[in-house]
S.K.: 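Below is one structure. I have some questions about it.
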Amino acid sequence: MNKPKKPKKPRGKVRLLEGKCAACGARCESVCPVDGVTVNAAGEPVISLDRCIGCLKCVKICPAQALEVFFTVEEQKILSELARLEGEVEEAAAAVAEGADEIAAVLGSHRGVWVFVEQTEGKAATVSWELLGKGAELAGTLGVELCAMVLGDHVDHLAQEAFSYGATKVYLMDEPVLKNYRTEPYLKAILALVRKYKPEVILMGATGQGRDLAGAVATVLKTGLTADCTGLGIDADRNLLQTRPAFGGNIMATILCDRFRPQMATVRPHVMRLPVKNPEARGEIVREVLSLKEEDVLTKVLEIISDGKGTDHVDISGAEYIVSGGRGMMNRENFSILKELADELGGVVGASRSAVDAGWIPHDRQVGQTGKTVRPKIYIACGISGAIQHLVGMQDSDTIIAINRDKDAPIFEVAAYGLVGDLFQIVPELTRRVRELRTRK
Ligand SMILES: Cc1cc2nc3c(=O)[nH]c(=O)nc-3n(C[C@H](O)[C@H](O)[C@H](O)COP(=O)(O)OP(=O)(O)OC[C@H]3O[C@@H](n4cnc5c(N)ncnc54)[C@H](O)[C@@H]3O)c2cc1C
């Protein structure tokens with residue numbers, strides 16, 4: 001919609017004040033640029049209102065101050081409309097300034113980097129400790145405390161574990177209503193802590209629990225949340241730089257939440273490095289009570305049913321050695337040569353999405369943007385081209401070995417060792433060599 005045009009400010013017209021003209025000799029007539037003044041027989045000016053442009057030359061030159069400016073009724077209407085508009089502009093400017101002050105006050109009142117310690121039956125998710133490692137870096141840059149939020153029932157021991165991974169303070173809520181994860185009580189617990197202690201950054205694991213909770217917290221607090229970050233940093237204005245793949249992983253976007261606090265980010269397991277544990281480390285525990293009764297929680301946990309994967313279930317994200325296969329494996333059966341090599345190394349078999357999509361291997365083995373993020377000691381990529389969506393899931397592995405018959409495959413750009421050739425010859429040869437070295441020991 002077009003904005004209504006602001007009217008032009010009228011300049012007024014000139015008129016003669018009765019009885020004041022000194023008949024000075026037509027000075028006013030001589031300076032008028034539009035021939036709007038004529039002097040009559042008495043030597044007094046007659047002003048033509050049609051011609052007068054309100055330039056004030058005649059008013060200024062008159063030695064007897066016999067001329068003045070006046071505004072017609074129409075012009076007066078325009079002037080009062082202009083005054084009203086100016087008032088609105090001033091009000092708007094004042095509101096903007098007030099808003100900027102409010103934002104500055106919010107930003108200034110929040111301090112500290114917090115990590116949510118996710119736990120199931122009293123056992124912490126490793127991603128929480130990984131986040132404490134990254135959180136320590138961020139807190140160091142900001143010059144603030146690194147704190148952990150521990151929620152649950154009989155979870156005191158997790159506070160000590162949080163100290164050993166770098167937290168200097170733990171906010172602890174230990175009560176039966178927090179025993180099993182449910183969105184409502186956990187959300188209320190975090191809101192109570194955040195509103196009271198005002199952290200500037202909150203990090204959570206991009207797990208089922210973390211994704212659910214982070215979204216709920218950010219929504220209620222009306223703040224920003226960046227999911228699945230692969231990089232975190234701090235800019236000169238204390239903003240959290242939240243980097244994550246965007247547009248299908250084709251670019252890396254760095255996202256800022258520069259007007260609201262806390263700034264919230266989730267990070268997938270194994271994206272950040274696990275810090276070295278120091279069991280001697282100590283810190284401060286701040287105990288808080290959640291004012292919520294079990295009968296006030298709508299969701300009830302009736303039974304916990306295990307996913308049946310048991311302890312034999314392979315979790316590639318925690319593996320130290322991964323042998324991954326891609327479309328170059330040609331079929332499901334050929335994955336057996338990768339399994340042999342993985343078994344010799346004490347590792348597991350992973351895959352690219354192409355191999356998963358082809359049905360050669362289950363989805364829980366997929367490495368990459370829509371699969372798992374892994375950080376093994378050794379990652380061997382066999383017949384994988386190295387698309388960006390695959391690389392984001394494995395590029396932080398300690399050592400990457402790539403086997404590909406195409407010497408220009410992008411996977412070689414991240415590989416420490418590249419073997420150009422046919423994987424069906426190279427992989428069995430590698431397995432034979434590893435077996436030989438192991439039996440020699
Ligand atoms: C939104 C989105 C999310 C995605 N998420 C993921 C993800 O999580 N993980 C993932 O992996 N991909 C993901 N992808 C897909 C990704 O873009 C690639 O298509 C995929 O990684 C390619 O898999 P590949 O390397 O196995 O297959 P290809 O790209 O086809 O590469 C096969 C490679 O095998 C080599 N090769 C063939 N035969 C042999 C042989 N005998 N010996 C040696 N080398 C051989 C070829 O030279 C080639 O380099 C995603 C894509 C999108 C759009």
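Just so you know, residue 1 is the first one in the sequence shown, and it goes up from there. In this text, all values refer to a predicted model and were calculated from it rather than measured experimentally.
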S.K.: Walk me through it: do Lys13 and Val69 pass the test side chain to side chain contact (heavy atoms under 4.5 Å, CB included)?
M.R.: CA-CA 5 Å; Lys13 308 278 180 198; Val69 180; over 6 Å; no
S.K.: With a 4.5 Å limit on heavy-atom distance, are the side chains of Arg405 and Asp422 in contact?
M.R.: no
S.K.: Please check: side-chain N/O of Glu175 versus main-chain N/O of Leu290, any donor-acceptor pairing under 3.5 Å?
M.R.: yes
S.K.: Run the salt bridge (Lys or Arg N to Asp or Glu O under 4.0 Å) test on Asp296 and Lys188 for me, step by step, so that the C-alpha distance in whole Å, both residues' side-chain angles and the decisive distance to 0.1 Å come before the verdict.
M.R.: CA-CA 12 Å; Asp296 296 331; Lys188 289 203 167 137; over 6 Å; no
S.K.: Please assess Val113 against Val144 for the test side chain to side chain contact (heavy atoms under 4.5 Å, CB included), listing each intermediate value before the final yes or no.
M.R.: CA-CA 7 Å; Val113 175; Val144 295; 4.0 Å; yes
S.K.: Side chains of Asp101 and Glu98: closer than 4.5 Å at any heavy-atom pair?
M.R.: no
S.K.: Walk me through it: do Thr370 and Gln366 pass the test side-chain hydrogen bond (donor to acceptor under 3.5 Å, both in side chains)?
M.R.: CA-CA 8 Å; Thr370 43; Gln366 183 181 318; 3.1 Å; yes
S.K.: Before accepting this row, confirm whether a basic side-chain N of the pair Glu429/Arg433 lies closer than 4.0 Å to the acidic partner's carboxylate O.
M.R.: no
S.K.: Looking only at heavy atoms, what is the nearest atom pair of Ala351 and Ser324, with distance?
M.R.: N-OG, 3.3 Å
S.K.: If you count heavy atoms of other groups shown closer than 6.0 angstrom to CD of Glu184, is the number above 12?
M.R.: yes
S.K.: Any salt bridge linking Arg182 with Glu294? Criterion: basic side-chain nitrogen under 4.0 Å from a carboxylate oxygen.
M.R.: yes
S.K.: Is the closest basic N to carboxylate O distance between Glu81 and Lys77 below 4.0 Å?
M.R.: no
S.K.: Around atom NZ of Lys8, are there more than 12 heavy atoms of other residues, nucleotides or ligands at under 6.0 Å?
M.R.: no
S.K.: Could you check whether atom CZ of Arg211 has more than 12 heavy atoms from other residues, nucleotides or ligands sitting under 6.0 Å from it?
M.R.: yes
S.K.: With heavy-atom distances below 4.5 Å as the criterion, would you say the side chains of Val286 and Glu288 are in contact?
M.R.: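 In contact.
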S.K.: Between Phe71 and Arg11, what is the shortest heavy-atom contact and its length?
M.R.: CE2-C, 3.8 Å
S.K.: With Ser128, which of Glu118, Glu161, Met149 fulfils side chain to side chain contact (heavy atoms under 4.5 Å, CB included)?
M.R.: Glu118
S.K.: With no hydrogens and no angle check, is any side-chain donor or acceptor of Arg244 less than 3.5 Å from a backbone partner on Val267?
M.R.: no
S.K.: Keeping the roles fixed (side chain from Lys277, backbone from Leu274), state whether a donor-acceptor pair exists under 3.5 Å.
M.R.: no
S.K.: Just wondering, are more than 12 heavy atoms of other shown residues or ligands nearer than 6.0 Å to CZ in Phe70?
M.R.: yes
S.K.: Do you know the tightest heavy-atom contact between Thr207 and Gly210?
M.R.: OG1-N, 3.0 Å
S.K.: If every non-hydrogen atom of Leu132 is compared with every non-hydrogen atom of Tyr165, which pair is closest and at what distance?
M.R.: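 For Leu132 versus Tyr165, the nearest heavy atoms are CB-O, 3.6 Å.
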S.K.: Please report the C-alpha distance between Val434 and Leu345 in whole Å, then the side-chain angles of each, then the deciding distance to 0.1 Å, and finally whether the side chain to side chain contact (heavy atoms under 4.5 Å, CB included) criterion is met.
M.R.: CA-CA 7 Å; Val434 174; Leu345 292 166; 4.1 Å; yes
S.K.: Please walk me through it: do Tyr181 and Asp212 pass side-chain hydrogen bond (donor to acceptor under 3.5 Å, both in side chains)?
M.R.: CA-CA 10 Å; Tyr181 175 77; Asp212 179 59; 2.6 Å; yes
S.K.: Salt-bridged, Glu121 to Lys179, with N to O below 4.0 Å?
M.R.: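 Looking at Glu121 and Lys179, the cut-off is not met.
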S.K.: Apply ring pair (Phe, Tyr, Trp, His ring centres under 6.0 Å) to Tyr197 and list each qualifying residue two or more places apart in sequence or on a separate chain.
M.R.: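 Tyr197 satisfies ring pair (Phe, Tyr, Trp, His ring centres under 6.0 Å) with Tyr171 only.
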S.K.: Side chain to side chain contact (heavy atoms under 4.5 Å, CB included), that's the test. Do Ile388 and His390 meet it? Break it down for me.
M.R.: CA-CA 5 Å; Ile388 181 73; His390 188 80; over 6 Å; no
S.K.: For the backbone of Val420 and the side chain of Asn404, can you confirm whether one donor and one acceptor N or O come within less than 3.5 Å of each other?
M.R.: no
S.K.: May I ask you to test the Leu240-Met264 pair for a side-chain heavy-atom distance under 4.5 Å?
M.R.: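 Side-chain contact under 4.5 Å: no.
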S.K.: Taking the side chain from Arg327 and the backbone from Ile384, do they hold a donor-acceptor pair closer than 3.5 Å?
M.R.: no
S.K.: Has Thr223 got a side-chain atom pairing as donor or acceptor with Pro262's backbone, closer than 3.5 angstrom?
M.R.: yes
S.K.: Could you point out which residue of Leu241, Leu203, Leu146, Val115 forms a side chain to side chain contact (heavy atoms under 4.5 Å, CB included) with Leu138?
M.R.: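 Only one of Leu241, Leu203, Leu146, Val115 forms a side chain to side chain contact (heavy atoms under 4.5 Å, CB included) with Leu138, namely Leu203.
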S.K.: Please check this pair: side chain of Asn180 against backbone of Val301, looking for a donor-acceptor N/O pair closer than 3.5 Å.
M.R.: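 No, because the side chain of Asn180 does not come within donor-acceptor range (under 3.5 Å) of the backbone of Val301.
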S.K.: Please name the pair of heavy atoms, one in Phe412 and one in Ala402, separated by the smallest distance, quoted to 0.1 Å.
M.R.: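 Answer, listing the atom of Phe412 first, then Ala402: CE2-O, 3.5 Å.
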S.K.: Should the pair Arg435-Glu340 be classified as a salt bridge under the 4.0 Å nitrogen-to-oxygen rule?
M.R.: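 Glu340 and Arg435: salt-bridged.
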S.K.: Could you report the tightest heavy-atom contact between Leu151 and Tyr186, atom names first, then the distance?
M.R.: O-OH, 3.4 Å
S.K.: For His154, does the NE2 atom have more than 12 heavy-atom neighbours from other residues, nucleotides or ligands under 6.0 Å away?
M.R.: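 Incorrect, the count does not exceed 12.
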S.K.: Do Thr243 and Thr230 pass the side-chain hydrogen bond (donor to acceptor under 3.5 Å, both in side chains) test, and can you show the C-alpha distance, the side-chain angles, and the key distance before you say yes or no?
M.R.: CA-CA 6 Å; Thr243 304; Thr230 52; over 6 Å; no
S.K.: Between Leu142 and Glu200, is any pair of side-chain heavy atoms under 4.5 Å apart?
M.R.: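 The answer is yes, as the side chains (C-beta and beyond) meet within the 4.5 Å cut-off.
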S.K.: Looking at side-chain heavy atoms only, is the closest gap between Ser352 and Val367 below 4.5 Å?
M.R.: no
S.K.: Looking at Asp258 and Arg238, does any basic side-chain N land under 4.0 Å from a carboxylate oxygen?
M.R.: no
S.K.: Would you call Leu107 and Arg261 a side-chain contact if the rule is heavy atoms closer than 4.5 Å?
M.R.: yes
S.K.: I'd like to check Phe163 versus Lys169 (side-chain heavy atoms, cut-off strictly below 4.5 Å). Are they in contact?
M.R.: no
